[in-house]
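Here the structure is laid out as structure tokens; the discussion comes afterwards.
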Amino acid sequence: MKGKFIAFEGCEGAGKSTQMRLLSEYLKEKNIPHTVTREPGGGEISEAIRKIILNGKFTAMTDECEALLYAAARVQHLADTVSPALARGELVLCDRYIFSSYAYQGYGRGLDMRFLRDINRYAAENYMPDVTLFLDIAPANAFARKHGADENDRIEQAGEQFHRRVYEGYCALAKEYPETFVAVDCSGTKYETSEKIIALLRGRGLIG
Ligand code: TYD
């Protein structure tokens with residue numbers, strides 16, 4: 001792994017895509033080669049798996065099936081997109097990664113953490129991000145920002161209590177992995193948050 005790997009995490013509507021776009025613009029200005037990608041998805045096969053996972057019609061999907069599909073999409077995404085970009089020496093910006101599985105399927109759905117660690121071992125052992133940025137904004141505020149939940153998205157429809165547990169899960173993960181899972185306060189403007197992110201990444205020597 002020659003390049004650097006940065007993952008973005010947070011509740012729905014936390015502003016991950018906006019922050020990734022602002023960071024990508026900064027990197028372009030500085031001529032820093034990078035790849036912007038997302039999970040589930042980020043490649044042809046993983047995007048096809050994404051459509052199955054999020055399909056609002058599949059209300060009977062078991063939590064275990066959901067977790068396994070996320071892990072499957074992840075393995076394929078690593079092979080198709082992340083691994084080649086890292087081998088080229090690029091900075092990889094990934095919208096969600098393994099901590100989404102811990103927060104959503106672990107804390108949200110209540111699945112056994114050992115099961116989640118097992119099915120995500122390939123990712124955890126071979127491709128852990130250099131840093132994961134948790135865009136810290138509570139789900140109620142985040143949904144308000146994006147004007148409510150999308151009715152066609154199975155996960156967004158999981159209910160307020162679910163999303164509250166996911167948020168609490170992220171906060172617990174930040175305590176569990178203090179070195180590599182870092183909360184970024186998003187209460188300011190998007191530009192202030194972006195400046196915080198850039199300062200943090202520069203401080204860690206991940207960008208120039
Ligand atoms: P997406 O539309 O990308 O959500 P967002 O814009 O908020 O990132 O859909 C991804 C959904 O999948 C999101 O609800 C979080 C969920 N998810 C999991 O539950 N587990 C996972 O491992 C991953 C990667 C995502």
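If you read the sequence from its start, that first residue is 1, and numbering goes on from there. Order of listing sets the numbers, starting from 1, for every ligand and every atom in it. These numbers come from the heavy atoms of this one structure, side chains and all, not from hydrogens, waters or symmetry mates.
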- Message: Quick check on contacts: which atoms of ligand 1 are under 4.0 angstrom from a heavy atom of Ile155?
- Response: 14 (O)

- Task: Answer with side chain, backbone, both or neither: which part of Ile98 has a heavy atom less than 4.0 angstrom from an atom of ligand 1?
- Result: neither

- Note on the structure: Note: Glu156, heavy atoms under 4.0 Å from ligand 1, region reported as neither

Which residue holds the protein heavy atom closest to [atom], what is that atom called, and what is the gap in Å?
atom	answer
atom 22 (O) of ligand 1	Ser101 OG, 2.6 Å
atom 24 (C) of ligand 1	Arg74 NH2, 3.4 Å
atom 10 (C) of ligand 1	Pro40 CD, 3.9 Å

- Query: Going by distance only, is there an N or O of Tyr70 that falls short of 3.5 Å from an N or O of ligand 1?
  - Reply: yes

Min heavy-atom dist [X] to ligand 1 below 4.0 Å:
X	result
Lys16	yes
Glu66	no
Glu12	yes

Do [X] side-chain atoms and [Y] backbone N/O form a donor-acceptor pair below 3.5 Å?
X	Y	result
His163	Ile155	yes
Gln19	Ser194	yes
Lys16	Gly10	no
Glu156	Glu151	no

- Message: Taking the six-membered ring of Tyr102 as reference, does the cationic atom of Arg117 (NZ for Lys, CZ for Arg) lie under 6.0 Å from its centre and within 45° of its axis?
- Response: yes

- Who else is in the cluster with Tyr191 when I, L, V, M, F, W and Y are joined by side-chain contacts under 4.5 Å? Leu22

- Query: Any luck finding a side-chain donor-acceptor pair between Gln105 and Tyr70 under 3.5 Å?
  - Reply: no

- Out of Arg38, Arg96, Arg50, Gln105, who gets a non-hydrogen atom closest to atom 1 (P) of ligand 1? Arg50

- Just how far is it from atom CG of Leu91 to atom CG of Leu206, taken to the nearest 0.5 Å? 7.0 Å

